[in-house]
Undergrad: 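A single structure is presented below for examination.
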Amino acid sequence: MIDVAVIGAGLAGLTCARQLQEAGYSVVVVEKSQGLGGRVATRRFAEARADHGLRYLENQGPRSQQLIETLATHGILQVWTDQIHEYQDSHLALAPDNHPRFVAEPGMTAIAKFLGRDLTIWRSQLVTAIAPQEDQQWSIQLKPIGNEERPPLQAKGIVVAIPAPQALALLTPLVQHGLSADILAGLEAVEFDPCISAIASFPPEFAAKLDDVSWRSVSFPNDSVLKWVGLDSSKRLNAPAPVIVVHSQPDFAQTWLDATDLAAAGEQMLTRAAQVLLPWLNSPQTMQVHRWRYAFTRVPHPATHMATNLPLPLVCSGDWCGGKTVESALQSGNDAAGTIAHQLRQ
């Protein structure tokens, strides 16, 4: 039995849990994946690693600025580049909004690991149901994704820090227990864009082909296939070989979202990248493809979080609250912690 269960170990959930723990509350974070951070994700393969979710951190406001300064002080973040390129009208040019972009040399997942330090986190646990009990506690039912089974968790309050469609499915049964239909309506109104992410590695001797390459990050505002291409290996000290990460446009991702084999999608993305950037990008040594069903918030909830005391203290939080960015995720997590703490004091 604990004070607060935080469902979801993305930036909002981890920020919320840290705030609550530092305020003296007992907190357990429940995460369905083995890793932390949600889209703050790094994948290992062969002898390399690549960030296939969040590309970099940038100063988007006071909370992201504070996080960048804290991580830099601990030696986790370094400046990757301050020159972002755009591909438009069949040519490559510097984007107008150039400013420092920060990355973690071990991988962006190092950010989530830092935020999750000293927290109690139950990994590989899927929350299948939540329900109020007669003793004024939440009962949280779990299903193990791996081999480790956990007993049902009991908490005085819950913070649901997962994508809005997943939160909607989890909370809909609570209407019979008094949950306001306004909460569900707010969740239903949030919309997301998907993304397909492809990681491609190339033979070590291909490193020489990058000697004259001026770009590290290229966005594609008007392309039908590509949204972004990054030279991920340039984030790493002494990277053994070139690694490229490619993100798709939402419409392209939508056509592949339920495909059982994403290899063909990755090949199409690399073929397009080879056409407009470097001709050898369509000949990777290895390739991995990942789908992000809730990659980017298209229509956010207007407030930084949603809260109710019926049937028991409950708060919804995420990067889809109050905006679409890392800044909004951090602000949402912070505000969710303050609200659930106030509810518990009441």
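Keep in mind that the numbers below use all heavy atoms, side chains included, and drop hydrogens, waters and symmetry copies.
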Undergrad: Looking at Asp3 and Ser26, would you say the former's side chain and the latter's main chain have a donor-acceptor pair under 3.5 Å?
TA: yes
Undergrad: Is the shortest side-chain N to carboxylate O distance from Asp258 to Arg293 below 4.0 Å?
TA: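 Result for this pair is yes, salt bridge flagged.
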Undergrad: For residues Gln21 and Asp118, report the shortest heavy-atom separation together with the two atoms involved.
TA: NE2-O, 3.1 Å
Undergrad: Would Trp215 and His85 count as a close aromatic pair, with their ring centres under 6.0 Å?
TA: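 No, ring centres 6.0 Å or more apart.
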Undergrad: Tell me which pairs pass ring pair (Phe, Tyr, Trp, His ring centres under 6.0 Å) where either residue lies in residues 260-281, with sequence neighbours left out.
TA: Phe202-Trp280, Phe206-Trp280
Undergrad: List the residues meeting side chain to side chain contact (heavy atoms under 4.5 Å, CB included) with Val175, not counting sequence neighbours, and say none if there are none.
TA: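 Side chain to side chain contact (heavy atoms under 4.5 Å, CB included) list for Val175, sorted by chain: Leu184.
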Undergrad: Name all pairs fulfilling the salt bridge (Lys or Arg N to Asp or Glu O under 4.0 Å) condition that reach into residues 262-285, sequence neighbours left out, sorted by first residue then second.
TA: Asp223-Arg272
Undergrad: Under 6.0 Å between ring centres: does that hold for His52 and Trp292?
TA: yes
Undergrad: How would you list, by chain and number, every residue that makes a side chain to side chain contact (heavy atoms under 4.5 Å, CB included) with Thr325, sequence neighbours excluded?
TA: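 For Thr325, the residues satisfying side chain to side chain contact (heavy atoms under 4.5 Å, CB included) (neighbours in sequence not counted) are Gln60, Glu327, Ser328.
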Undergrad: Only one of Arg101, Arg236, Arg43 passes salt bridge (Lys or Arg N to Asp or Glu O under 4.0 Å) with Asp51; say which it is.
TA: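 The residue from Arg101, Arg236, Arg43 that satisfies salt bridge (Lys or Arg N to Asp or Glu O under 4.0 Å) with Asp51 turns out to be Arg236.
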Undergrad: Might you work through the side-chain hydrogen bond (donor to acceptor under 3.5 Å, both in side chains) test for Ser139 and Gln141, ending with a clear yes or no?
TA: CA-CA 6 Å; Ser139 175; Gln141 302 295 320; 3.1 Å; yes
Undergrad: Using the test side chain to side chain contact (heavy atoms under 4.5 Å, CB included), find all partners of Ala263 that sit at least two apart in sequence or belong to another chain.
TA: Asp261, Met287
Undergrad: Which residues pass the side chain to side chain contact (heavy atoms under 4.5 Å, CB included) test with Val299, not counting sequence neighbours?
TA: Glu191
